[in-house]
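The following block contains the structure, expressed as structure tokens.
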Amino acid sequence: MLKRVETSELRLGMFIQKLEGSWFKHPFWKSKFLLEEQWMLDALLGSDVDGVIIDTERGLSNVPQREVATVGAPPPPQRGMPLVPPRPAANKFATARVATAREFGTARKLAERHSRLVSRVFIEARLGRGISARTVDPLIDDIYASVQRNLYAFNGLLRCREDSEETYRHALATSALMIALARQMNLSAAETREAGMAGLLLDIGANQETGGPPHPEEAWSGSTADPENDVHCQHVLSGHALLKAAGDIPDAVLKVCMRHHERLDGCGYPNRLSGDEIDQLSRMAAICDTYDLLVAGKGHRPGLDPAEAIRHMGEHCEGLDPAIMVDFIEMVGIFPIGAFVELRSGRLAMVVDEDPTERALPTVLTFWSRPLGKKIKSEAIMLSQCYGADEIVGIAQLGGLDLPPLGALRQSLLNAYTRAAAD
């Protein structure tokens, strides 16, 4: 039986069926859960949620607090804490709870389902229809859950897929990167939600006439362009207007939509902000947006190898926040999933998994031998556990080899790794 109770009437042992009000008001990722620990109760009592719907068949009804044991409960969390107990700092880079290859399957289904949702949201925005935060609520929840299960799989999958329209794939990828980066930086649950939504919607103003989001090396540098007439500035201004008209999009997301092309050195657009004028989420978005566009490529510009994109950003993107770049590289790895590398043995391989404790020693899948000059049977090698038998010596140069297009090669190798792991 469902029953509404005031937040002040909540007791341990109740099953929360629904939290009233906007999802940005409450400190939990899930809206259905058993209220079984004191820190959960304290978090709700300190939130802006006025009331909740409880299920009396799955939990207790309105019972006195003393009837529920609270011995040993952890201290109450700060506002914005997600619906998981706090992790000790020592476990910051703990091994993912779900194997990457296994999560690839779940991530593939999520990407296919949510690409259609993102497509609909973008099309409706172009038609002048309102955008509600609740529309993308399930999408953000699913991406966050995937990142929680495995930090690398969702974005690794998107880097190796060819069958998604670039604007919508970019939206999903940037959202996942923002959530993963927020997690890496230990931001609160509320900030992580906003980061994910900002990544998803930051290019909502890009349209077919402008060819989608601008490539980092094609965008206005801030030296001569007129913000009111420049085509790249317009996608920022129109996107901000669309989101503001929705009425329930958080201010932090609105700022990111307007500022994700601003740079610390003042050479960004549309307002040439610099330094402390640019908020943290916008600095994060500048990095995630730039990285994914470099990897994906655009028009006549082919995408960079993920490892090459990391190197390029370090050498040529002076306006990006260097401290956040350190966190970003820690998050995606020096050799991200999808990167082609050359091994000391002369074999070429693609990175298919990361080791959180040895970021320079990922798992790779071999596919070519330079000494033999031909394709070879693929072998998965966990470099962190091969005890020096082989190692990465650099980014692979694939020019002149008898290989399929790199996008098709990435997808084929990832599929092979997923199938082998399932056997």
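Values in this document were obtained by computation on a predicted structure and should not be read as measured data.
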Handout entry: Flag side-chain contact, heavy atom, 4.5 Å: Ile334 against Ile310
Key =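 Of all side-chain heavy-atom pairs linking Ile310 with Ile334, none is under 4.5 Å.
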Problem - Note: Arg4-Glu6 ion pair, threshold 4.0 Å (strictly below) - result: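 Yes, Arg4 and Glu6 are salt-bridged.
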Exercise for the section: Working to the nearest 0.5 Å, report the span between CG of Asn415 and CG of Leu157. Expected result: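 Asn415 CG to Leu157 CG: 8.5 Å, rounded to 0.5 Å.
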Problem - For Ala195 against Ala182, the heavy-atom pair lying closest together - result: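 Of all heavy-atom pairs spanning Ala195 and Ala182, the closest is CB-CB, 4.2 Å.
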Handout entry: Whether Thr7 side chain and Val49 backbone form a donor-acceptor pair below 3.5 Å
Key =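 It does hold such a pair.
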Practice task
Measure the CD1-CZ distance between Ile337 and Phe154 for me, rounded to the nearest 0.5 Å.
Solution key: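 Spacing of CD1 (Ile337) from CZ (Phe154) equals 13.0 Å.
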Problem - Minimum side-chain heavy-atom gap Arg169-Asp292 below 4.5 Å - result: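 Counting from C-beta outward, Arg169 and Asp292 do come under 4.5 Å.
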Practice task
Mind listing the closest non-hydrogen atom pair of Arg263 and Ala286 along with its distance?
Solution key: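 In terms of heavy atoms, the two residues are closest at NH1-CB, 3.4 Å.
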Handout entry: Test item: Ser378 and Leu413 side chains (from C-beta on) under 4.5 Å apart, heavy atoms
Key =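 They are in side-chain contact.
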Problem - Whether His261 and Tyr269 hold their rings parallel, tilted or perpendicular, with breakpoints at 30° and 60° - result: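 The arrangement is parallel - the two ring planes meet at less than 30°.
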Problem - Pairwise distance CE(Met197) to CG(Leu139) - rounded to 0.5 angstrom - result: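 Met197 CE to Leu139 CG: 9.5 Å, rounded to 0.5 Å.
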Handout entry: Donor + acceptor pair across side chains of Asn150, Thr100 (<3.5 Å)
Key =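 The criterion, which ignores hydrogens and geometry beyond distance, is satisfied for Thr100 and Asn150.
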Problem - Where Ser115 and Tyr168 come nearest, the two heavy atoms and their spacing - result: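 Heavy-atom minimum between the residues: O-CB, 4.4 Å.
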Exercise for the section: Could you tell me whether the side chain of Arg359 and the main chain of Met331 form a donor-acceptor pair under 3.5 Å? Expected result: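 Yes; judged by distance alone, with no hydrogens or angles, the pair exists.
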Exercise for the section: For the pair Thr174 (side chain) and Cys288 (backbone), establish whether a donor and an acceptor sit closer than 3.5 Å, ignoring hydrogens and angles. Expected result: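 Between the backbone of Cys288 and the side chain of Thr174 there is no qualifying donor-acceptor contact (under 3.5 Å).
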Practice task
Starting at CG of Asp390, measure out to CZ of Arg347 and round the result to the nearest 0.5 Å.
Solution key: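 Here the rounded value is 5.0 Å.
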Practice task
Would you give the length of the straight line joining atom CZ of Arg283 to atom CD1 of Ile278, rounded to the nearest 0.5 angstrom?
Solution key: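 Going from CZ on Arg283 over to CD1 on Ile278, the span is 6.0 Å.
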Handout entry: Minimal non-hydrogen separation, Gly156 against Leu414, with atom names
Key =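 The pair with the smallest heavy-atom distance is O-CD2, 4.4 Å.
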Problem - Student check: side-chain heavy atoms of Pro336 and Tyr291 closer than 4.5 Å - result: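 Yes - at least one pair of side-chain heavy atoms lies under 4.5 Å apart.
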Handout entry: Charged N-O contact under 4.0 Å between Asp137 and Arg193
Key =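 No salt bridge links Asp137 with Arg193.
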Exercise for the section: Determine, stepwise, if the pair Asp305 / Leu406 fulfils side chain to side chain contact (heavy atoms under 4.5 Å, CB included). Expected result: CA-CA 9 Å; Asp305 182 273; Leu406 298 190; over 6 Å; no
Exercise for the section: Taking all non-hydrogen atoms of both residues into account, name the closest pair between Ile143 and Ser175 and its distance. Expected result: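 Here Ile143 and Ser175 meet closest at CD1-OG, 3.7 Å.
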Handout entry: Val52 side chain near Met14 side chain, heavy-atom distance below 4.5 Å
Key =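 With C-beta onward as the side chain, the pair stays apart.
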Problem - Stepwise side chain to side chain contact (heavy atoms under 4.5 Å, CB included) check, Ile392 with Leu343 - result: CA-CA 4 Å; Ile392 294 174; Leu343 305 180; 3.9 Å; yes
Exercise for the section: Would you mind reporting whether Ile324 and Met185 have side-chain heavy atoms less than 4.5 Å apart? Expected result: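 Met185 reaches Ile324 side chain to side chain.
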Exercise for the section: Could you tell me which non-hydrogen atom of Leu177 sits nearest to which non-hydrogen atom of Phe328, and how far apart they are? Expected result: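 Looking at all heavy atoms of both residues, the closest pair is CD2-CE1, 4.1 Å.
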Exercise for the section: Determine yes or no for a side-chain-to-main-chain donor-acceptor pair under 3.5 angstrom, with Arg259 supplying the side chain and Ala285 the backbone. Expected result: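 Not confirmed, Arg259 side chain does not pair with Ala285 backbone.
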Problem - Nearest-0.5 Å distance that lies between atom CZ in Arg410 and atom CG in Leu365 - result: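 That separation rounds to 13.5 Å.
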Problem - Any Val236 side-chain heavy atom under 4.5 Å of His260 side chain - result: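 Result yes, sub-4.5 Å side-chain heavy-atom pair found.
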Practice task
Would you indicate whether the side-chain heavy atoms of Pro270 and Leu237 approach each other to under 4.5 Å?
Solution key: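 Of all side-chain heavy-atom pairs linking Pro270 with Leu237, at least one is under 4.5 Å.
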